[in-house]
Amino acid sequence: MAKLLSTRVAIVGAGPAGLLLGQLLHRAGIDNLVLERRPIARVLARIRAGVLEEGTVRLLEEAGVADRLHREGLVHEGIEIAVQGERRRIDFRALTGRQVVVYGQTEVTKDLVEARRAAGLPLLDEVSDVLPVDLESERPRVLFRRGGEAFELSCEIVAGCDGFHGICRSRIPASRLRTFERVYPFGWLGILTRARPVSDELIYAYSERGFALFSMRSPTVSRLYVQCAPSDPVEAWPDERVYEELALRVGPEVAARLERAPSIEKSVTQMRSFVAEPMRHGRLVLAGDAAHIVPPTGAKGLNLAAADVGLLARALVAFLRGNDPRPLDDYSERALARVWKAERFSWWMTSLLHKFPEGDPFRDRLQRAELDYLFGSRAQQTVLAENYVGLPLALD
Ligand code: FAS
Ligand code: PHB
């Protein structure tokens with residue numbers, strides 16, 4: 001016999017989307033319960049995104065979890081693009097009047113979990129066999145197991161924040177769900193090192209050998225990426241090879257500043273563009289990677305998740321407290337309008353900066369023309385800048 005639990009919003013997934021939604025709903029007086037399949041320690045150990053748009057920072061402030069971010073986050077007013085060693089700065093402040101903050105997703109998740117614990121809010125980790133049911137009724141339920149016991153969580157809304165490999169998206173009937181996907185013929189090999197970054201700002205490098213990215217987490221921690229084959233095992237990339245490729249791909253001036261410290265984390269990230277439509281079915285709503293994936297080149301993944309949640313939290317407050325269903329009815333369409341713009345930008349920046357393996361001379365010439373145009377056009381630099389800092393969060 002299952003143990004019965006009840007809440008107003010059942011949130012599946014304790015990543016940034018689920019935790020931020022839980023925090024915004026709590027501050028609006030709406031009970032919610034978060035279910036997470038991994039041990040929370042595993043969730044907190046993940047190394048993922050590193051760049052926050054101003055809109056994301058505002059939402060974290062609204063959630064009451066931005067104090068450490070403001071103390072430790074690094075404000076960046078531009079990035080550099082390097083092409084075969086020649087560099088051009090994209091000046092966000094001059095082109096858009098805006099900026100981004102470099103603050104790891106790991107830290108965002110820690111701040112959200114800490115706030116949830118401080119508020120004594122329920123977060124059940126190490127759950128299994130999660131199954132949202134009765135989604136077209138007014139009392140959906142989420143069945144799950146934990147500690148060898150069966151549970152039944154009754155609620156009014158199920159928020160699928162369970163990422164690309166979660167269960168919730170699959171609960172939308174195949175007859176209603178449409179998916180769009182593009183898988184790229186390369187991946188990213190990323191390392192984290194206790195070494196001073198090569199530059200004060202991020203450097204995105206295109207070279208005939210492949211893409212490289214010089215990012216950071218603090219003035220003493222670097223986050224470095226090289227384009228690799230999607231099937232490359234981590235073992236194919238010993239530190240020496242990573243540093244050699246980073247140096248060759250960015251050119252000698254920057255390479256001379258590259259501290260070759262031992263990696264303290266190393267992983268391969270697959271690259272895909274993916275969108276599922278709609279982002280709602282009955283009382284199930286999707287947010288974040290559960291509904292869409294972008295290649296990390298444009299630093300949009302985490303920020304898109306936050307933008308979904310900003311919209312969704314307002315829609316759920318209107319529905320559950322104001323008895324107004326309209327914002328919830330509009331949620332999927334409004335979220336997807338932003339998702340597709342971010343998909344376009346992420347696809348464009350990925351196509352611009354990576355070396356595509358198969359010989360396609362026409363594509364290669366177009367790519368070089370695109371890079372030359374970017375280097376010489378304030379208009380094209382403005383397009384890159386306004387997408388990178390984040391399109392306006394139209395939340396109200
Ligand atoms: P997440 O995937 O973060 O969270 C989903 C949560 O749901 C997970 O904790 C998972 O364990 C849980 N879950 C799954 N199935 C469940 C179930 N059945 N029951 C309960 N819980 C379940 N973005 C960038 O902008 N820059 C980057 O450099 C970058 N690097 C990345 C590297 C990797 C390896 C990955 C996978 C993603 C990366 N991303 C990056 C994108 C990433 O930051 C996502 O956009 C962000 O984590 C999205 O947050 P969520 O939607 O909360 O999904
Ligand atoms: C990171 O610091 O992890 C990072 C930064 C910018 C990106 C992708 C990843 O585009």
Side-chain angles (χ1 to χ4, degrees), residues 10-22 34-40 42-53 56 74 76 79 100-106 108-109 112-113 123-132 142-146 158-171 187-192 197 201-204 211 213-218 221-225 265 267-272 274 286-309 312 342 345-346 349-350 353 388 390:
I11 299 173
V12 183
L19 292 167
L20 178 57
L21 179 62
V34 175
L35 297 173
E36 167 56 49
R37 76 174 163 189
R38 303 281 185 228
I40 200 65
R42 276 271 304 273
V43 175
L44 294 174
R46 285 185 191 132
I47 309 285
R48 287 197 178 162
V51 173
L52 303 184
E53 297 171 5
T56 302
L74 304 173
H76 281 206
I79 58 172
V100 294
V101 175
V102 171
Y103 187 72
Q105 174 175 323
T106 311
V108 171
T109 311
L112 284 164
V113 167
L123 192 172
L124 303 182
D125 66 347
E126 299 189 79
V127 301
S128 62
D129 304 320
V130 171
L131 185 66
V142 181
L143 312 180
F144 66 94
R145 297 187 64 82
R146 186 172 193 250
V158 178
C161 301
D162 49 348
F164 183 67
H165 300 290
I167 180 75
C168 289
R169 184 174 66 246
S170 70
R171 305 299 290 154
W188 278 11
L189 182 284
I191 63 171
L192 197 68
E201 295 177 333
L202 274 59
I203 301 176
Y204 288 79
F211 169 84
L213 171 58
F214 298 76
S215 184
M216 63 196 75
R217 288 293 178 272
S218 76
V221 177
S222 292
R223 179 66 169 162
L224 304 164
Y225 296 95
E265 189 272 350
S267 57
V268 175
T269 301
Q270 301 304 315
M271 306 280 274
R272 77 175 72 237
F274 174 86
L286 302 180
D289 278 17
H292 43 71
I293 294 285
V294 286
T297 325
K300 290 296 148 220
L302 172 57
N303 293 296
L304 260 188
D308 289 350
V309 167
L312 180 56
F345 173 66
S346 303
M349 202 154 165
T350 300
L353 294 169
Y388 195 96

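Atoms within a ligand are numbered from 1 in the order they appear, just like the ligands themselves.
In terms of polar-atom proximity, defined here as any N/O pair under 3.5 Å, Pro16 does make such a contact with ligand 1. Polar contact with ligand 1: absent for Gly50 (N/O pair, distance under 3.5 Å). Any N or O atom pair closer than 3.5 Å counts here, and Thr269 shares no such pair with ligand 1. Taking any N or O of Gln105, backbone or side chain, at least one lies under 3.5 Å from an N or O belonging to ligand 1. For a threshold of 3.5 Å applied to N or O pairs, the pair formed by Tyr388 and ligand 2 contains no separation below that value. Between Met216 and ligand 2, not a single N/O pair is under 3.5 Å apart. Note: no N/O pair closer than 3.5 Å links Val43 and ligand 1 by distance alone. Checked by distance only, ligand 2 and Thr297 come closer than 3.5 Å through their nitrogen or oxygen atoms. At a 3.5 angstrom cut-off on N or O pairs, Glu36 counts as close to ligand 1.
Of the protein's non-hydrogen atoms, Asp289 N, 2.8 Å is the one closest to atom 51 (O) of ligand 1. Protein heavy atom closest to atom 4 (O) of ligand 1, with residue, atom name and distance, is Gly15 CA, 3.5 Å. The single protein non-hydrogen atom nearest to atom 21 (N) of ligand 1 is Arg37 N, 3.2 Å, given as residue, atom name and distance. Of all protein heavy atoms, the one lying nearest to atom 28 (O) of ligand 1 is Tyr225 OH, 3.5 Å. Atom 52 (O) of ligand 1 has as its closest protein heavy atom Ala17 N, 2.9 Å. Shortest contact from atom 14 (C) of ligand 1 to any protein heavy atom: Asp162 O, 3.1 Å. Among all non-hydrogen protein atoms, the one lying nearest atom 3 (O) of ligand 2 is Tyr225 OH, 2.6 Å. Of all protein heavy atoms, the one lying nearest to atom 24 (C) of ligand 1 is Ala49 CB, 3.2 Å. Here the protein heavy atom with the shortest distance to atom 8 (C) of ligand 2 is Pro296 O, 3.2 Å. Looking from atom 18 (N) of ligand 1 to the surrounding protein, the closest heavy atom is Ile167 CG2, 3.5 Å.
When the options Pro296, Gly190, Cys161 are ranked by their closest heavy atom to atom 5 (C) of ligand 1, first place goes to Cys161. Nearest to atom 35 (C) of ligand 1 by heavy atom, out of Arg223, Arg48, His165, Glu126, is Arg48. For atom 25 (O) of ligand 1, the nearest non-hydrogen atom from the set Gly104, Ser128, Gly301 belongs to Gly301.
Taking the charged nitrogens against the carboxylate oxygens, Arg42 and Glu126 have no contact shorter than 4.0 Å, which rules out a salt bridge.
Of all the atoms in ligand 1, the ones that sit under 4.0 Å from a non-hydrogen atom of Val130 are 19 (N). Counting the atoms of ligand 1 from 1 in the order shown, those under 4.0 Å from a heavy atom of Leu302 are 25 (O), 45 (O). Near Arg48, with a cut-off below 4.0 Å to any heavy atom, the atoms of ligand 2 are 3 (O). Atoms of ligand 1 found under 4.0 Å from any heavy atom of Gly163 (numbered from 1 in listed order, with element): 2 (O), 5 (C), 53 (O). Atoms of ligand 1 lying under 4.0 Å from at least one heavy atom of Gly166, given by number and element, are 15 (N). Listed by number with element, the atoms of ligand 1 under 4.0 angstrom from any heavy atom of Arg38 are 11 (O). Of all atoms in ligand 1, numbered sequentially from 1 with element shown, those under 4.0 Å from a heavy atom of Lys300 are 25 (O). Numbered from 1 in the order shown, with element, the atoms of ligand 1 that lie under 4.0 Å from a heavy atom of Ala299 read 25 (O). Ligand 2 places these atoms under 4.0 Å from at least one heavy atom of Val51: 5 (C), 6 (C). Residue contact check: Leu202 has heavy atoms under 4.0 Å from atoms 5 (C), 6 (C) of ligand 2. Set against the non-hydrogen atoms of Tyr204, the atoms of ligand 2 under 4.0 Å away are 6 (C), 7 (C), 10 (O). Near Leu35, the atoms of ligand 1 lying under 4.0 angstrom from a non-hydrogen atom of the residue are 20 (C), 21 (N).
Of all heavy-atom pairs spanning Phe274 and Arg169, the tightest one is CZ-NE, 3.6 Å. Here the closest heavy-atom approach between residue Arg145 and residue Asp129 is recorded as CD-OD2, 3.2 Å. Residues Leu192 and Ile47 approach most closely at CD2-CD1, 3.8 Å, considering heavy atoms.
When non-hydrogen atoms are compared, ligand 2 lies under 4.0 Å from the side chain of Trp188 (C-beta onward) but not from its backbone. Contact annotation: for Ser215 versus ligand 2, heavy atoms closer than 4.0 Å belong to the side chain alone. The proximity of Arg217 to ligand 2, defined as any non-hydrogen pair under 4.0 Å, is limited to the side chain. Contacts between Val102 and ligand 2 below 4.0 angstrom, taking non-hydrogen atoms only, are absent altogether.
A donor-acceptor contact shorter than 3.5 Å links the side chain of Arg171 to the backbone of Pro132. Between the side chain of Asp162 and the main chain of Ile167, a donor-acceptor pair closer than 3.5 Å is present. When atom types are taken as modelled, the side chain of Arg223 and the backbone of Ser215 share no donor-acceptor pair closer than 3.5 angstrom. A donor-acceptor contact shorter than 3.5 Å is absent between the side chain of Asp125 and the backbone of Glu36. A donor-acceptor pair is defined here as one N or O able to donate and one able to accept, closer than 3.5 Å; such a pair exists between the side chain of Lys300 and the backbone of Tyr388. Between the side chain of Thr106 and the main chain of Arg46, a donor-acceptor pair closer than 3.5 Å is present.
The side chain to side chain contact (heavy atoms under 4.5 Å, CB included) with Leu21 is formed by just one residue from the set Val309, Leu112, Val34; it is Val309.
Rounded to the nearest 0.5 Å, atoms CG (Leu202) and CD1 (Ile79) are 7.5 Å apart. Expressed to the nearest 0.5 Å, how far CG of Leu224 lies from CG of Leu213 amounts to 8.0 Å. Rounding to the nearest 0.5 angstrom, the gap separating the CD1 atom in Ile203 from the CD atom in Glu201 is 9.0 Å.
Ring geometry for Phe211 against Trp188 counts as parallel: the plane angle stays under 30°, on a 0 to 90° scale with 60° as the upper cut.
Ligand 1 lies out of reach of Gln270, whose nearest heavy atom is not under 4.0 Å from it.
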